[in-house]
**Q** 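Sending over a structure as structure tokens; questions will come in a sec.
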Amino acid sequence: MKDFVSFVKNTSTEEFIKFWGEMSIKIYQKQLKNTDKNELKATINFPLKIHQYGFIQRNVEVMLSAWDIPDMIYTSICESNDYRKGHMTEDMAGYVTNLYRGFENDKSKIHYLNEVSLAGVFTYLMGMTYEQFEFQNLAWTLQNFNRNYYILVASDKICRKEIIDINAIVREQFGFGLDELLMTELIILWLCGQHSDPLTAPENMYQGKVSQSVTREKIERIIDYYSVDYDQVRNCEIKKQIFYSKPFVKTQKHKQTLLVSMHLLQMSFADGLYWLERDYYLDKHKGQKFLNAFGNMFEEYFQELAQLYLHRDMWDKIPEGKEKSADFYIEFEDVIFLFELKSGTMGIGAKQQVPEVDLIEKFYSRNIREAYEQLKASEKVYQQKGKRIIKVFLLYEFTNNTQIMMSSLPEIFEKDKDAYILTISDLEMFLATYKYERQKFQSVINDLIENVLDENKKCFLYILNKHGAIGNLHFIKERDYFSKILQKLEMDFEVTCD
């Protein structure tokens with residue numbers, strides 16, 4: 001551990017951030033071009049010379065993952081400053097990455113894994129893979145952007161009277177409208193895809209990219225909003241996870257604003273509308289008011305999906321009774337699905353390579369264990385229909401690791417083969433498959449029923465993928481709001497963006 005820390009203590013933090021921010025851009029660009037499903041994504045390899053047995057010299061490669069870069073930069077900010085004399089150059093990349101591997105291994109919680117049950121190991125792995133899966137495939141960011149935009153802006157059926165209009169929040173925060181914000185964010189993404197310091201990018205990069213709607217002033221204002229200085233990083237309670245919401249850092253020496261991670265920039269924009277709204281209420285100490293309101297909006301969104309893809313007599317909201325019950329049911333020919341909707345998000349400290357397990361457990365208690373009792377209460381009622389009952393915990397938050405999540409809760413998912421965790425993205429694909437590809441849908445249902453006989457229970461997403469149903473995305477064509485913003489941008493510039 002001392003080797004990596006010793007290196008960053010002697011190296012200019014400004015140079016260190018700039019170099020590794022540019023490496024994140026390289027990884028990102030490679031990832032966009034990579035279509036090989038079997039190749040690891042979100043990684044880059046550097047050459048490294050090693051000595052075996054003290055005298056045999058070999059040339060090897062050392063791998064760095066995109067999610068390592070924020071931690072490396074965080075360590076440099078905490079341990080060094082811009083005025084150290086050491087430099088960070090490309091020929092040192094393999095050496096530094098190798099030092100970081102040792103640093104990372106030393107701070108991992110191997111002792112914790114040796115002391116916990118198998119379920120505890122899966123809980124730990126859930127936090128690790130949560131972060132890794134987010135970086136490995138960024139396609140989810142487009143779906144998240146579209147869904148947040150639809151719920152907070154576009155839908156004419158979702159009631160937003162309980163919250164401040166997002167347009168008003170954007171105007172108060174930035175001084176211009178929502179469309180201008182989103183178009184400018186696209187330009188910032190484009191700029192950062194080529195330059196880690198977009199505010200000092202060469203002037204020719206801006207030619208044809210600045211208009212009445214997207215100005216240099218607006219670019220600066222948005223980047224400033226998504227930036228932190230060294231002191232804010234050093235004093236932040238969530239440590240390196242601050243870069244998820246603030247992916248730019250302001251340096252001391254040359255007053256540059258440097259990109260930490262291209263991946264985190266795209267994620268922060270994807271969920272930006274949701275967090276702008278939520279942070280507005282948190283700043284006024286009314287965070288729970290927003291969470292309650294958004295929970296109601298999530299239920300209304302569920303009803304919109306059901307209306308779009310199902311016959312009206314197939315689904316309904318479950319009436320509230322003396323006992324707490326599930327939220328909705330959907331009835332198919334041979335199975336009934338009961339849904340308990342959960343719009344809450346997992347603490348950001350839970351989603352990292354050394355996860356805060358207590359935050360994961362807190363999420364499980366609030367969103368899974370308590371909800372299970374409600375699902376079981378409703379199951380007793382609907383069993384009278386004589387059909388198979390599938391109990392679903394429906395999460396608004398994106399995650400691709402529901403399999404590991406289920407494995408970390410064996411008291412529920414091993415004992416109850418009819419219980420599943422779905423994300424809202426899973427549900428969208430499931431219902432679209434029902435409407436447009438009925439044969440695939442029936443294959444999914446058959447596998448869910450037969451899953452009871454499988455000792456290694458498969459998650460819902462695995463079954464959707466097995467039958468080719470994951471391509472049935474909801475936010476396409478007229479619901480692809482990202483493409484609509486891009487079209488507005490193209491019209492505004494009267495050029496086609498690369």
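Starting from 1, each residue takes its place in the sequence as its number.
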**Q** Give a yes or no on this: more than 12 heavy atoms of other residues, nucleotides or ligands lie within 6.0 Å of atom NZ of Lys239.
**A**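 Counting neighbours around NZ of Lys239, 12 or fewer heavy atoms of other residues, nucleotides or ligands fall under 6.0 Å, so no.
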**Q** Roughly how far, to the nearest 0.5 Å, is CG of Asn98 from CD of Glu61?
**A**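 Output value for this atom pair is 13.0 Å.
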**Q** For the side-chain contact (heavy atoms from CB on, under 4.5 Å) test, which of Arg234, Lys240, Glu79 pairs with Tyr74?
**A**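 Of the listed residues Arg234, Lys240, Glu79, the side-chain contact (heavy atoms from CB on, under 4.5 Å) partner of Tyr74 is Lys240.
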**Q** Does Leu186 reach the side chain of Leu182, with side-chain heavy atoms less than 4.5 Å apart?
**A**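 The answer is no, as the side chains (C-beta and beyond) never meet within the 4.5 Å cut-off.
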**Q** State, to 0.1 Å, how close Leu64 and Trp20 come at their nearest heavy-atom pair, and which atoms those are.
**A**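 Heavy-atom minimum between the residues: CD2-CZ3, 3.4 Å.
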**Q** Has Glu478 got more than 12 heavy atoms of other residues, nucleotides or ligands less than 6.0 Å from its CD?
**A**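 Correct, the count exceeds 12.
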**Q** Hey, could you give me each pair passing salt bridge (charged side-chain N to carboxylate O under 4.0 Å, His left out) that has a residue in residues 257-271? Not counting sequence neighbours.
**A**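 Not a single pair qualifies under salt bridge (charged side-chain N to carboxylate O under 4.0 Å, His left out).
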**Q** Is it true that the NZ or CZ of Lys284 lies under 6.0 Å from the centre of Tyr280's six-membered ring and within 45 degrees of the ring axis?
**A**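 Yes, Lys284 and Tyr280 form such a contact.
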**Q** I'd like to check Leu152 versus Met297 (side-chain heavy atoms, cut-off strictly below 4.5 Å). Are they in contact?
**A**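 Heavy-atom side-chain distance check passes, below 4.5 Å.
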**Q** Under the criterion side chain to side chain donor-acceptor pair (under 3.5 Å), I'd like the reasoning laid out for Thr345 against Tyr274: C-alpha separation, chi angles, the key distance, then a yes or no.
**A** CA-CA 11 Å; Thr345 58; Tyr274 175 87; 4.8 Å; no
**Q** Between atom CD1 of Ile421 and atom CG of Asp426, what is the distance when rounded to the nearest 0.5 Å?
**A**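 If we round to the nearest 0.5 Å, Ile421:CD1 and Asp426:CG are 10.5 Å apart.
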**Q** Side chain to side chain donor-acceptor pair (under 3.5 Å) for Thr141 and Gln266? Distances and angles first, verdict last.
**A** CA-CA 7 Å; Thr141 58; Gln266 184 160 323; 2.9 Å; yes
**Q** Hydrogens and angles aside, do Gln353 and Gln132 bring a side-chain donor and acceptor to less than 3.5 Å of each other?
**A**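 Side-chain D/A pair, Gln353 to Gln132: present.
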**Q** Looking at every heavy atom in both Thr257 and Ser227, which two are closest together, and how far apart are they?
**A**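 Minimum heavy-atom contact is CG2-OG, 3.4 Å.
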**Q** From the options Asp224, Asp82, Asp229, select the one residue that forms a salt bridge (Lys or Arg N to Asp or Glu O under 4.0 Å) with Lys250.
**A**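 Among the candidates, only Asp224 passes.
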**Q** Could you tell me if the ring centre of Tyr226 sits under 6.0 Å from that of Phe269?
**A**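 Here the rings of Phe269 and Tyr226 have centres that are less than 6.0 Å from each other.
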**Q** Carefully, step by step, assess Ser6 and Asp3 under the rule side chain to side chain donor-acceptor pair (under 3.5 Å).
**A** CA-CA 5 Å; Ser6 296; Asp3 289 338; 5.5 Å; no
**Q** Who are the side-chain hydrogen bond (donor to acceptor under 3.5 Å, both in side chains) partners of Gln256, not counting sequence neighbours?
**A**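 If we apply the side-chain hydrogen bond (donor to acceptor under 3.5 Å, both in side chains) test to Gln256, skipping adjacent residues, the hits are Asp197.
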**Q** Taking all non-hydrogen atoms of both residues, which atom of Ser76 and which atom of Phe16 are closest, and how far apart?
**A**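 Closest approach of Ser76 to Phe16, heavy atoms only: CB-CD2, 3.6 Å.
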**Q** Atom CD of residue position Glu90 - does it have more than 12 heavy atoms of other residues, nucleotides or ligands inside 6.0 Å?
**A**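 It does not: Glu90 CD has 12 such atoms or fewer within range.
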**Q** Would you say the side chains of Asn148 and Tyr481 form a donor-acceptor pair under 3.5 Å?
**A**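 Checked: Asn148/Tyr481 side chains show no N/O donor-acceptor pair below 3.5 Å.
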**Q** Within 45° of the ring axis of Phe298 and under 6.0 Å from its six-membered ring centre, is that where the NZ or CZ of Lys342 lies?
**A**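 No cation-pi geometry.
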**Q** Picking from Gln252, Arg84, His254, what satisfies side-chain hydrogen bond (donor to acceptor under 3.5 Å, both in side chains) with Glu14?
**A**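 Testing Glu14 for a side-chain hydrogen bond (donor to acceptor under 3.5 Å, both in side chains) against Gln252, Arg84, His254 leaves exactly one candidate, His254.
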**Q** Tell me whether the NZ or CZ atom of Lys218 lies within the 45° cone about the ring axis of Phe176 and under 6.0 Å from its centre.
**A**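 Yes, a cation-pi geometry.
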**Q** If you measure only the distance, is there a donor-acceptor pair under 3.5 Å linking the side chains of Glu131 and Tyr244?
**A**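 Glu131 vs Tyr244: donor-acceptor pair found between side chains.
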**Q** Kindly indicate whether the side chain of Ile27, heavy atoms from C-beta on, has any atom under 4.5 Å from the side chain of Met262.
**A**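 Ile27 does not reach Met262 side chain to side chain.
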**Q** Side chains of Leu138 and Tyr28: closer than 4.5 Å at any heavy-atom pair?
**A**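 The answer is yes; the side chains approach within 4.5 Å.
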**Q** Below 4.5 Å, heavy atoms only, C-beta onward: do Val233 and Lys246 meet side chain to side chain?
**A**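 No, too far: nothing below the 4.5 Å cut-off.
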**Q** Please verify the inter-ring angle class for Phe393 with Phe413; under 30° counts as parallel, over 60° as perpendicular, anything in between as tilted.
**A**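 It falls in the perpendicular class, over 60°.
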**Q** Using the side-chain contact (heavy atoms from CB on, under 4.5 Å) definition, which of the options Val96, Asn59, Val60 pairs with Leu48?
**A**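 Filter result, single survivor: Val60.
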**Q** On a heavy-atom basis, which atom in Pro410 and which in Ala119 lie closest, and how many Å separate them?
**A**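 Nearest pair, atom of Pro410 first, then Ala119: CD-CB, 3.6 Å.
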**Q** Counting only heavy atoms not in Gln29, do more than 12 fall under 6.0 Å of its CD?
**A**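 Enclosed: over 12 neighbouring heavy atoms sit under 6.0 Å from CD of Gln29.
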**Q** Within a 6.0 Å radius of atom NZ on Lys484, are there more than 12 heavy atoms belonging to other residues, nucleotides or ligands?
**A**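 More than 12 heavy atoms, drawn from other residues, nucleotides or ligands, come within 6.0 Å of this atom.
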**Q** So, for Tyr149 and Phe475, is the gap between ring centers shorter than 6.0 Å?
**A**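 No; Phe475 has its ring centre 6.0 Å or more from that of Tyr149.
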**Q** Should Glu397 and Lys351 be marked as a salt bridge (Lys or Arg N to Asp or Glu O under 4.0 Å) after you check the CA-CA gap, both sets of side-chain angles, and the distance that decides it?
**A** CA-CA 12 Å; Glu397 187 171 23; Lys351 312 166 193 175; 2.3 Å; yes
**Q** Would you check if there is a donor-acceptor pair between the side chains of Tyr100 and Thr75 at a distance under 3.5 Å?
**A**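 Note: Thr75 and Tyr100 side chains miss the donor-acceptor criterion.
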**Q** Return the minimal non-hydrogen interatomic distance between Ala42 and Trp67, and the atom names on each side.
**A**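 Between these two residues, the closest heavy atoms are CB-CZ3, 4.3 Å.
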**Q** Nearest 0.5 Å, please: how far is OG1 in Thr13 from CD1 in Ile77?
**A**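 Here the interatomic distance stands at 7.0 Å.
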**Q** Do the side chains of Arg101 and Asp68 get close enough for a salt bridge, i.e. N-O under 4.0 angstrom?
**A**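 Salt bridge: yes.
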**Q** Lys18 vs Glu15, test: salt bridge (Lys or Arg N to Asp or Glu O under 4.0 Å). Steps then yes/no.
**A** CA-CA 5 Å; Lys18 188 172 183 63; Glu15 283 191 28; over 6 Å; no
**Q** What verdict does the side chain to side chain donor-acceptor pair (under 3.5 Å) test give for Thr184 and Arg221, after you've listed the backbone C-alpha separation in whole Å, the side-chain angles of each residue and the deciding distance to 0.1 Å?
**A** CA-CA 10 Å; Thr184 308; Arg221 192 170 298 178; over 6 Å; no
**Q** Which atom pairs, one a donor and one an acceptor, fall under 3.5 Å between side chains of residues 287-295 and the rest of the protein, sequence neighbours left out?
**A**
{"residue": "Gln288", "atom": "NE2", "partner": "Asn292", "partner atom": "OD1", "Å": "3.0"}
{"residue": "Asn292", "atom": "ND2", "partner": "Gln288", "partner atom": "O", "Å": "3.3"}

